[in-house]
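Structure first, then comments.
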Protein chains: 2
Amino acid sequence: MKKPPKSRPKRVTLHDVAARARVSMVTASRALRRPEMVSLDLRDRVNAAARALAYVPNQLASALASRRTGRIGVIVPSLTNGVFNDYLRALHDVFVPADIQVLVLNSHYMPGREEKAILTMLGQFPEAIVLAGIEQTPHARKALQQAGIPVVQTMELAAKPIDINIGLSQQDAGYAAARHLFDLGHRHVGQISAPLDSRSLKRIDGYLQAVREFGATPMMVSVDLPSSIASGGELLGELLARWPSTTAIFCGNDNLALGALFECQRRGFGVPRDLSIVGFNDLEVAASACPSLSTIATPRYEMARRAGEIILEIIRGSGRRPKQRQIDLGFRLIARESTGELGNSS
Amino acid sequence: MKKPPKSRPKRVTLHDVAARARVSMVTASRALRRPEMVSLDLRDRVNAAARALAYVPNQLASALASRRTGRIGVIVPSLTNGVFNDYLRALHDVFVPADIQVLVLNSHYMPGREEKAILTMLGQFPEAIVLAGIEQTPHARKALQQAGIPVVQTMELAAKPIDINIGLSQQDAGYAAARHLFDLGHRHVGQISAPLDSRSLKRIDGYLQAVREFGATPMMVSVDLPSSIASGGELLGELLARWPSTTAIFCGNDNLALGALFECQRRGFGVPRDLSIVGFNDLEVAASACPSLSTIATPRYEMARRAGEIILEIIRGSGRRPKQRQIDLGFRLIARESTGELGNSS
DNA sequence: GGCAACATTGACAGCGTTTTCATGGGGACG
DNA sequence: CGTCCCCATGAAAACGCTGTCAATGTTGCC
């Protein structure tokens, strides 16, 4: 007859471990965290006791007492988006070996949700915060500044960084993508996007800049949904319906580009024979697709890695900031098979 | 006389708020958490003070004192894999409205890393844990049981669940995928996979079962890397090199299938004319691809949603478990354009 | 042998909240 | 007008751990 003590499933605490090892709590604590401070004999006894009891340290209490939580907070607009895979991986690569936990919260591309996520995060007292994007609400900015921890804004270059800023010019990148198509001789260059974030808008600005420069007509279609492969196809359909003369499109990201590519295949259009396609981000699929997708490669891994390393340096170095508070990591245009010169068609 | 503790910027605590509102800490605490327990007058005063000081409650202290952390832990083998997008979204959909935070840790498809992740998670004292997969190490199992919180294993059906188990038979699903190809008349049915997890292996078992049943020859190629689109192409290449007679393949997941599809396009093979392809999971891309990919749809969203709801019920209902501790959610074969009858070719 | 320097260990006081539990005041009721 | 109860409030005790500093035992050296 077993009686589950559901009201008080008393947990194994450091106290229990200490008692079993017949040492004081302090010693037990040290034996586990700083073995070198404790004699070999006791160290073994404590370890044995801890293992026997399956002791799991209470990080809450530990963090509260030591005022160091050993974690950093990351807020990204989406986990779904392949863009943030490399980004998160880089952060893990840097912090996990340093024994720092990475807490990820999702803002769903909504400034309001981001503010909430930032406040929640701050309530956990992370030792630093990494933000994807630069458009925080004023209240969030204030809270972040007041927290007195390193804050790294990434993905874009900010006019007024909160603290540290590592990114690239989304507008320049958008310009480069569009320009690539104009340089190939295209004059009817369309644009499709799912502009949920400020970065998409900046890329569009870049596109418009190129359009003006070449005296072309802006041809844009967008949808206010999380970008998906399916939307890529639909948006291409709309674009072609409105501007049948289109010979090239710049897609706000690679998923849209992939959807557009599939739509072309469905319609029997040759890519790039009938339509040139350039995407954005250089996700894995861009290189593997057939035809492979021209795109803009953004240094997502590198960006997050640098962010992580700067944070480690600040934390380790007692809070001193590096001299360079803003870093432009640039981007690369990757011309693959999906873009070709105008006129190859005939 | 007050001694400013070093360079540490003093944090605003409940004590400060209470002082400013001229009430006791208890009242301040209640005014913020359970406004209905406090008179309107004080409630306003406390709220005003909190806002003025930009007070952020220390969740660490709160959790320590209340013994409730308001969060649940989730451990998935990969964030990169599209499979877990729906899964995590469902969990968020359930828990965020319930004001419960979702902590996600990544096991990188390695049992050792998963054990570590589980222990780390347990140290945070989540109110429940959701696991993707059923193959935890013995030590992890012990720690989980000892934690006395709801544990939900998902994605597969377990012979001996730790606590709750919601999933589907991966072997049956693999069998169904292979069987679909045999039913279409194919006899040279290959299999490609990146079997980092036990689920892939079970799907292969299902494939082998079908192969035996139809008296065919097993033709399998695999790679020990995280599955990627590129590997899909390469594996298909190897498979065809070894068994040129292949007329259909079952891919361990949709990414591999997509890579295989692209490889066919690159080689000028018609799909399904020259090769039928069936994938697994029904990621978004499967429906959008051209030709669209036949695949096995797994109820990832539903699975995670159910897991979340059961957890909420247990937490709310003071720990009582539902009668049904194991739920089989099944799967669906989705026949699309990428599979066709043998002989359509000639 | 005596003293300083060192290496170990332990007692105590928090860390910032929440939870009892006690207290006083006011309203309902007779 | 006096009880009985209930409501709003506050005091003090956890929650589990770590930092500080003092106390103990050890070693080395003159």
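Note on naming: letters A, B, ... go to the chains in the order of the sequence lines (proteins, then strands), and numbering restarts at 1 for each one.
With DNA chain D read from its 5' end, the first of the two nearest nucleotides for B:Ala65 and A:Arg30 is the one closest to B:Ala65. Map A:Ala28 and B:Ser66 each onto its nearest nucleotide of DNA chain C; the residue landing nearer the 5' end is A:Ala28.
Contact annotation: B:Ser39 side-chain N/O to D:dT9 OP1/OP2 distance is under 4.0 Å. In this model, the phosphate group of C:dA11 is not approached by any side-chain N or O of A:Ser24 to a distance below 4.0 Å at OP1 or OP2. OP1 or OP2 of D:dG10 has at least one side-chain nitrogen or oxygen of B:Thr27 nearer than 4.0 Å. Between C:dT17 and B:Tyr55, a contact under 4.0 Å exists linking OP1 or OP2 to a side-chain N or O. In terms of phosphate contacts, B:Ser29 brings a side-chain nitrogen or oxygen within less than 4.0 Å of OP1 or OP2 of C:dT18. Dashed line: the shortest gap from a side-chain N or O of B:Arg67 to OP1 or OP2 of C:dT17 is not under 4.0 Å. In this model, the phosphate group of D:dG19 is approached by a side-chain N or O of A:Arg33 to a distance below 4.0 Å at OP1 or OP2.
Atoms CZ (A:Arg43) and C1' (C:dT9) sit 14 Å apart, rounded to a whole Å. Rounded to whole Å, atom P of C:dT19 lies 13 Å from atom CE of B:Met25. To the nearest angstrom, P of D:dA11 lies 11 Å from NE2 of B:His15. The distance from atom CG of A:Leu60 to atom P of C:dT17 is 13 Å, rounded to the nearest whole Å. As a whole-Å value, the separation of B:Arg68 CZ from D:dC15 C1' is 14 Å. Computed from coordinates, the B:Gln59 CD to C:dT18 P distance equals 10 Å when rounded to whole Å. Taking atom CG on B:Leu42 and atom P on D:dC7, their separation rounds to 17 Å, with Å as the unit. Straight-line distance from the CG atom of A:Leu40 to the C1' atom of C:dT8: 13 Å, rounded to whole Å.
Contact of the B:Ile149 side chain with the B:Leu122 side chain is registered, since non-hydrogen atoms from C-beta on lie closer than 4.5 Å. For the pair A:Asn165 and A:Val152, the minimum side-chain heavy-atom distance is 4.5 Å or more.
Ion pairing between a basic and an acidic side chain is recognised when a charged N comes within 4.0 Å of a carboxylate O; A:Asp93 and A:Arg305 show no such pairing. A salt bridge is defined here as a Lys NZ or Arg NE, NH1 or NH2 lying under 4.0 Å from an Asp or Glu carboxylate O, and A:Asp16 with A:Arg20 fails to meet this definition.
Here the side chain of A:Val38 is nearest to one of C:dT9, C:dT19, D:dC17, namely C:dT9. Nearest to the side-chain atoms of B:Val26 among the listed nucleotides C:dG16, C:dT19, D:dT18 stands C:dT19.
Judged purely by atom type and a 3.5 angstrom limit, A:Gln136 uses its side chain to pair as donor or acceptor with the backbone of A:Gly133.
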